[in-house]
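Heads up, the thing below is written out as structure tokens.
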Amino acid sequence: VIAPSRCEPGCLFFDVLLSEQDPLLVRFYEAYRHRSDFEVHLQTQHARTWTDECLPVVDSASIQMPESTSDHGGTHLHDRKVVVFGATGRIGREMVKRLAEDLRCKEVRAVSRQPESAAGLHLQAFEPSVQVLPFDDLEAVCREATDAFIVAPASDDALSWHEQVADALRAAKVEHVVKVSVIGARSPASIPPPGRFPSLHWAGEEALRSAGLKTTVIRPNIFMQHFEMGTGVYTAGDDRFYLPIGDAGVAFLDCRDIAATGHALLLSPSATAFHGGCFDLTGPEALTGPQIAAALSAVRGATVVHVDGIAAFEARCALLGKPDWPKAVYSEAAAGWFSALSTASFEAVVGRRPRSFAAWADDRASFFSATK
Ligand SMILES: NC(=O)c1ccc[n+]([C@@H]2O[C@H](COP(=O)([O-])OP(=O)(O)OC[C@H]3O[C@@H](n4cnc5c(N)ncnc54)[C@H](OP(=O)(O)O)[C@@H]3O)[C@@H](O)[C@H]2O)c1
């Protein structure tokens with residue numbers, strides 16, 4: 001009875017609780033948008049089967065209704081159709097998975113420029129609630145959508161990209177947009193002026209806001225995933241990493257925590273206080289190179305060395321044939337741009353601390369311990 005009940009449009013959640021004290025006591029814990037939705041539930045085939053076939057063997061049964069009859073904002077839920085831009089990426093994949101498992105979300109539109117790519121096909125495994133749709137048909141992607149989660153390319157055309165997406169979202173009357181921006185995003189008129197990525201994301205934020213969309217902005221710090229993004233920082237199984245950050249601490253963030261934030265912002269009634277605002281999001285601690293080395297050594301079970309300095313990073317990138325542009329970001333890190341902590345909003349929205357570097361590295365133990 002659980003699965004079909006959870007699929008009823010008026011059902012917010014449906015759980016069966018077993019008592020630890022009394023093995024014969026079973027509670028059904030259910031919530032509906034309105035009392036009338038509960039009446040509809042009682043008339044469904046699965047509920048009637050329960051009543052007709054199971055209830056006769058129950059010693060005694062009763063229904064307890066809550067004191068309050070207000071709908072607790074429930075009309076907002078269970079009918080959400082969420083568009084996810086950047087769905088095949090690191091953050092997007094995690095977001096699609098979360099939404100697909102969330103009964104409050106009726107439909108997930110995972111947007112990709114190539115729905116038939118391996119990454120697109122991977123998301124199709126979450127059908128039927130997930131559809132993978134092509135980026136080049138924005139009108140179809142946004143039609144009747146209620147919410148959008150945006151992971152945008154931080155490329156030189158970021159402004160026109162956001163304008164194009166904002167037009168489609170506005171035409172579809174999308175109610176709420178959550179955009180992943182970057183820490184330090186601010187107006188070019190600010191002193192000091194923003195660097196390249198904060199500047200591009202600021203333009204994107206402004207495009208969404210000026211289109212009149214209710215936009216909530218997450219401004220994340222530099223990702224832990226830099227260690228596995230093929231940037232020249234680290235190669236699987238290596239005994240050293242190349243990170244020119246000097247003595248600065250860096251509050252690396254697990255980018256899966258961005259998806260956790262976006263998920264809560266879109267679907268959790270308790271997060272509505274944050275709607276329309278912006279907040280920074282960092283990891284829970286600012287670690288120096290030696291502290292990162294200690295965390296990776298613990299995971300690897302063998303010493304991992306921190307190699308500092310721009311020249312060493314450039315040489316490493318040259319050896320691997322990788323572009324060395326991330327050195328500009330690491331220079332900002334060395335200047336302390338990514339040292340400050342900002343986790344309060346995350347904790348309020350998600351209800352836990354962001355994942356630590358050690359916990360993230362532990363999750364990736366096979367990557368760090370790989371045989372070279
Ligand atoms: N790296 C960091 O430390 C850091 C820190 C703060 C903020 N950020 C921001 O986080 C975002 C990156 O997130 P991520 O790592 O999850 O991304 P990602 O793994 O690089 O994936 C992004 C996805 O976006 C899609 N995409 C790329 N260019 C596109 C375009 N022109 N139009 C439409 N879709 C496009 C791609 O999917 P398809 O190929 O399937 O279309 C790709 O899978 C960027 O905006 C970046 O500035 C990064």
Side-chain angles (χ1 to χ4, degrees), residues 83-98 109-124 130-138 141-142 148-166 168-169 178-185 194-205 207-208 217-234 243 245 250-262 278-283 323 325-330 332-333 337-338 342 354 357 360:
V83 183
V84 179
F85 291 94
T88 58
R90 279 168 285 269
I91 305 167
R93 280 194 304 266
E94 175 74 11
M95 186 67 177
V96 169
K97 188 162 128 292
R98 284 173 162 272
R109 312 226 179 113
V111 186
S112 170
R113 291 166 301 171
Q114 293 175 290
E116 299 303 324
S117 65
L121 293 174
H122 174 76
L123 293 180
Q124 286 175 18
V130 175
Q131 302 170 49
V132 187
L133 299 176
F135 181 81
D136 60 14
D137 191 356
L138 284 178
V141 159
C142 299
F149 180 71
I150 298 181
V151 179
S155 47
D156 289 336
D157 64 353
L159 176 59
S160 60
W161 189 96
H162 282 86
E163 285 173 342
Q164 180 190 9
V165 167
L169 294 173
V178 174
K179 171 178 159 57
V180 178
S181 178
V182 70
I183 207 149
R196 178 168 184 268
F197 294 122
S199 178
L200 291 168
H201 275 295
W202 169 262
E205 291 180 20
L208 296 168
V217 176
I218 308 167
R219 292 182 178 148
N221 212 15
I222 186 167
F223 300 168
M224 294 172 186
Q225 278 76 6
H226 273 240
F227 283 80
E228 56 177 4
M229 275 162 50
T231 54
V233 172
Y234 186 75
L243 193 63
I245 58 171
V250 179
F252 279 107
L253 174 71
D254 181 350
C255 71
R256 290 175 299 174
D257 278 340
I258 302 171
T261 319
C278 304
F279 60 86
D280 292 349
L281 175 57
T282 71
W325 63 262
K327 67 187 178 188
V329 177
Y330 303 140
E332 292 171 352
W337 287 28
F338 306 127
S342 180
F357 188 87
W360 171 78

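Hydrogens, waters and symmetry mates are skipped; everything else that's a heavy atom, side chains included, is used. Counting starts at 1 for both ligands and their atoms, in listed order.
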Are side-chain heavy atoms of Trp360 and Phe227 found at a separation under 4.5 Å?
-> yes

Mind running side-chain contact (heavy atoms from CB on, under 4.5 Å) on Asp156 and Arg196 for me, showing each step along the way?
-> CA-CA 9 Å; Asp156 289 336; Arg196 178 168 184 268; 2.9 Å; yes

For atom 19 (O) of ligand 1, the protein heavy atom that lies nearest, with its residue and separation | Arg90 N, 3.0 Å

Note: ligand 1 atoms sitting under 4.0 Å from heavy atoms of Ile222 are 3 (O)

Among non-hydrogen protein atoms, atom 12 (C) of ligand 1 lies closest to Val151 CG1, 3.9 Å

Within a strict 4.5 Å, meaning less than it, do heavy atoms of the Ile150 and Leu208 side chains meet?
-> yes

With backbone taken as N, CA, C and O and side chain as the heavy atoms from C-beta onward, which portion of Ser155 lies under 4.0 Å from ligand 1: side chain, backbone, both, or neither?
-> neither

Tell me, which protein residue and heavy-atom name are nearest atom 22 (C) of ligand 1, and how many Å apart are they?
-> Gly89 CA, 4.0 Å

Looking at atom 24 (O) of ligand 1, what's its closest protein heavy atom, distance included?
-> Gly86 CA, 3.4 Å

Step-by-step side-chain contact (heavy atoms from CB on, under 4.5 Å) determination, Arg109 to Val84 = CA-CA 6 Å; Arg109 312 226 179 113; Val84 179; over 6 Å; no

Does Cys255 reach ligand 1, in the sense of a heavy atom lying below 4.0 Å from it?
-> no

Is it true that a side-chain atom of Asn221 and a backbone atom of Phe338 form a donor plus acceptor pair closer than 3.5 Å?
-> yes

Is there side-chain contact between His201 and Arg219, with heavy atoms separated by less than 4.5 Å?
-> no

Considering the heavy atoms of Ala154, write down every atom of ligand 1 situated less than 4.0 Å from one of them.
-> 47 (O)

for atom 48 (C) of ligand 1, nearest protein heavy atom and its distance come out as Phe223 CZ, 3.2 Å

Can you check whether Val250 reaches Tyr330 side chain to side chain, under 4.5 Å on heavy atoms?
-> no

Pro153: numbered ligand 1 atoms lying under 4.0 Å from its heavy atoms | 28 (N), 29 (C), 30 (C), 31 (N)

Counting from 1 in the order shown, the ligand 1 atoms closer than 4.0 Å to a non-hydrogen atom of Val182 are 6 (C), 7 (C)

Do Trp337 and Val329 come close enough that some side-chain heavy atom pair is under 4.5 Å?
-> no

Can you sort out which atoms of ligand 1 are near Ile91, meaning under 4.0 Å from one of its heavy atoms?
-> 13 (O), 16 (O)

Does Ser342 offer a backbone N or O that forms a donor-acceptor pair with the side chain of Thr282 under 3.5 Å?
-> yes

Can you tell me which residue and heavy atom of the protein come closest to atom 36 (C) of ligand 1, and the distance to 0.1 Å?
-> Arg113 NH2, 3.7 Å

Of His226, Gln225, Met224, Met229, the one forming a side-chain contact (heavy atoms from CB on, under 4.5 Å) with Cys255 is Gln225

Relative to the heavy atoms of Ser112, which atoms of ligand 1 are at a distance of less than 4.0 Å?
-> 38 (P), 40 (O), 41 (O)

Taking distance alone, with no angle check, do His201 and ligand 1 share an N/O pair under 3.5 Å?
-> yes

Report yes if the side chains of Phe135 and Val165 come closer than 4.5 Å at any heavy-atom pair, otherwise no.
-> yes

Mark up the atoms of ligand 1 that fall under 4.0 Å of a heavy atom belonging to Ser181, in ascending order.
-> 7 (C)

Note: Trp161, heavy atoms under 4.0 Å from ligand 1, region reported as side chain

Among all protein non-hydrogen atoms, which one is nearest to atom 43 (O) of ligand 1, and what is the separation to 0.1 Å?
-> Thr88 OG1, 2.7 Å

Sub-3.5 Å donor-acceptor pair from the side chain of His162 to the main-chain atoms of Ala158, do we have one?
-> yes

Within-4.5 Å side-chain heavy-atom neighbours: Pro153 and Trp161 = yes

Quick one: does Phe197 get a heavy atom under 4.0 Å from ligand 1?
-> no

Considering only protein heavy atoms, which is closest to atom 45 (O) of ligand 1, and at what distance to one decimal place?
-> Ala152 O, 2.6 Å

Numbered in order shown, the ligand 1 atoms found under 4.0 Å of a heavy atom of Asn221 are 5 (C), 6 (C)

